[in-house]
There are 2 protein chains.
Amino acid sequence: MAGIKQVQRQTGVALWRQIADRIREAISSGVYDQTGMVPPETVLALQFGVNRHTVRSALAALAQEGIVRAVQGRGTLIERKERLNFPISRRTRFTDGLRDQARETHALLLGHAEEAADAEVARWLRVEQGTPVIRLETVRDADKRPVARGTSWFPAARFAGIGEIYRKTESITKAFAALGLSDYVRATTEITAAHADSGDIADLELTPGAVLLITKAMNTDLEGVPVQYSISRFAADRVQFTIEN
Amino acid sequence: MAGIKQVQRQTGVALWRQIADRIREAISSGVYDQTGMVPPETVLALQFGVNRHTVRSALAALAQEGIVRAVQGRGTLIERKERLNFPISRRTRFTDGLRDQARETHALLLGHAEEAADAEVARWLRVEQGTPVIRLETVRDADKRPVARGTSWFPAARFAGIGEIYRKTESITKAFAALGLSDYVRATTEITAAHADSGDIADLELTPGAVLLITKAMNTDLEGVPVQYSISRFAADRVQFTIEN
DNA sequence: TACGGTTGTCTATATCAATAGACATTTTCG
DNA sequence: CGAAAATGTCTATTGATATAGACAACCGTA
């Protein structure tokens, strides 16, 4: 079902990049699990109907990403292939959801600021436009590999100082708890996909043209009052979402 | 927040394509709604820090997609900007979910076949590997515009002839009803994202490098017995998913 | 009607992407 | 060891991509 077929000539995206995407996808879906390595360059060139040099460019890009490692005389070994799963439900929590899948997770606070809610944030948090809100910019890692970058907004009146608490605890759940909110639930999640921009490429260690999964999510307290609105940008080749109904 | 910034030089993806992606995204998020048109080529060139000819290539690609239309002497008008919303819940139904968003929806059956369940299909439908299943290949349109292509599998013993019924009714819900299943629910949905392959580009009228949202979904009857497993590939710039908890 | 602002077209040049072929270097295995 | 198989490196050629500049054609409006 996941067989690799010939690429068709396409303008605008370099052939080597298209091929790199195909191979990355094949690795991630376990096509080469038996051998633990990618087929020889000459074989790939034949499969894709391109020159061996073009395949080499693709493999060089994947090596740069740390997905494969070429060894002269032996072949090209697969270094990484896992895809993290994020269950999306009423009890969605970022770090908890990863507990069984990664040895080590980190949340880095890039910055935080207090500002006035714009129309979008006001709508999601159900406050007046212009109401003071706190914005947090974060990047989350799993096993030293960046997984998502996000921007979150909180009502400033209720969650004063959440930035510094988050920096120390590296957890929204813990930060909420420290501010007197012991429990919260995921109310709404919107999911889209897009290309990575230059900020994504930098923060998530992606390569140009990479694909992102983007969520816009709103959490409420147990009374249904919005406590957090966040936009998260996930590296699509490292994650999948699961919704259980 | 959605301001367009300079593009950074990236290898592997042509500049004009990166810029086309940015402009498409800006249009879809309503940045130019006030004027109904894209800024002049010279302004865009300045914003992105590229030559005007490069912007023209990008706009030509968007015109090809039917998203904008250039008029000499006036400017470049926006033709389309909507993004269809698909609510994902226990009651997820493809066509019903679109009723308020599109004037006209169609489901085209590309083909159907009876085959033996492979490991993946068997796991999702909870049957023995090798069990006969019916496979349907479909493309769905909204207002003459292709939105998703999909492959669905059904247990053959229970849903014999579902292919022909689907071709006539253009609805899974109706086909199930005709075969004695009056109601069903969405049990699980997995969401990933990836680049479009050549089949996607053809069936969904996409351009190379386009982004897809991919769902793997399983429906059950009211007793929890799997009745359908499907993989759907959505044009990411035309849809978003919403999960309400 | 004349003008400013906008898209359309043309020429020229430099760099990147892709193909092609040849050969070196390294590992594995009989 | 020696051959086969794999990756690494080099040269050369062609077409696509991007920049630069100049000017034509067209639209709206003062």
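Just so it is clear, the values below take in all heavy atoms, side chains as well, and ignore hydrogens, waters and symmetry mates. Within every chain, numbering begins at 1; the chains are lettered A, B, ... in the order of the sequence lines, protein sequences first and strands thereafter. Everything numeric in this text was worked out from a predicted model, so none of it was measured.
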Tell me if the aromatic rings of B:F241 and A:F241 count as close, with their centers under 6.0 Å from one another.
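That pair fails the under 6.0 Å test.
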Apply salt bridge (charged side-chain N to carboxylate O under 4.0 Å, His left out) to A:E170 and list each qualifying residue two or more places apart in sequence or on a separate chain.
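Applying salt bridge (charged side-chain N to carboxylate O under 4.0 Å, His left out) to A:E170 gives none.
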Who are the salt bridge (charged side-chain N to carboxylate O under 4.0 Å, His left out) partners of A:E114, not counting sequence neighbours?
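A:E114 satisfies salt bridge (charged side-chain N to carboxylate O under 4.0 Å, His left out) with no residue once adjacent residues are dropped.
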Protein-nucleic acid N or O pairs under 3.5 Å, nucleotides 20-23 of chain D:
from	atom 1	to	atom 2	distance (Å)
D:dA20	N6	B:H53	NE2	3.2
D:dG21	O6	B:H53	NE2	2.4

Could you tell me how far apart [X] ([atom1]) and [N] ([atom2]) are, to the nearest whole angstrom?
X	N	atom1	atom2	result
B:E41	D:dT19	CD	P	14 Å
A:L46	D:dA6	CG	P	13 Å
A:R17	D:dT17	CZ	P	15 Å
A:Q18	C:dA17	CD	P	13 Å
A:W16	D:dG15	CH2	P	22 Å
B:M37	D:dC27	CE	P	13 Å
A:L44	D:dA5	CG	P	17 Å

Taking OP1 and OP2 of D:dT17, is either one under 4.0 Å from a side-chain nitrogen or oxygen of B:T54?
no
Quick check on D:dG8: is either OP1 or OP2 less than 4.0 Å from any side-chain nitrogen or oxygen of A:R56?
yes
According to ring pair (Phe, Tyr, Trp, His ring centres under 6.0 Å), who are the partners of A:Y166, at least two apart in sequence or on a separate chain?
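Testing A:Y166 for ring pair (Phe, Tyr, Trp, His ring centres under 6.0 Å), a comparison that skips the adjacent residues, returns none.
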With sequence neighbours excluded, what pairs up with [X] under the side chain to side chain donor-acceptor pair (under 3.5 Å) test?
X	answer
A:T131	none
A:T76	none
A:T42	none

Is the charged tip of B:R140 near the ring of B:F94: under 6.0 Å from the six-membered ring centre and within 45° of its axis?
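Satisfied, under 6.0 Å and within 45°.
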With sequence neighbours excluded, what pairs up with B:M37 under the side-chain contact (heavy atoms from CB on, under 4.5 Å) test?
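In terms of side-chain contact (heavy atoms from CB on, under 4.5 Å), with neighbours along the sequence ignored, B:M37 is linked to B:T35, B:L77.
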Identify, with sequence neighbours excluded, every residue that meets side-chain contact (heavy atoms from CB on, under 4.5 Å) alongside A:Q72.
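side-chain contact (heavy atoms from CB on, under 4.5 Å) list for A:Q72, sorted by chain: empty.
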Which pairs pass side-chain hydrogen bond (donor to acceptor under 3.5 Å, both in side chains) with one or both residues in residues 48-64 of chain A, sequence neighbours excluded?
A:E41-A:R52, A:E41-A:R56
Find which nucleotide of DNA chain D each of A:P40 and B:S57 is nearest to by heavy atoms, and output the residue with the more 5' nucleotide.
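Result of the comparison: A:P40.
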Estimate the overall bend of the helix from C:dT1-D:dA30 to C:dG30-D:dC1 from the end axes over five pairs each, rounded to 10 degrees.
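The angle, to the nearest 10 degrees, is 20°.
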Residues from residues 66-76 of chain A lying under 4.0 Å of DNA chain D - heavy atoms:
A:A70, A:V71, A:Q72, A:G73, A:R74, A:G75, A:T76
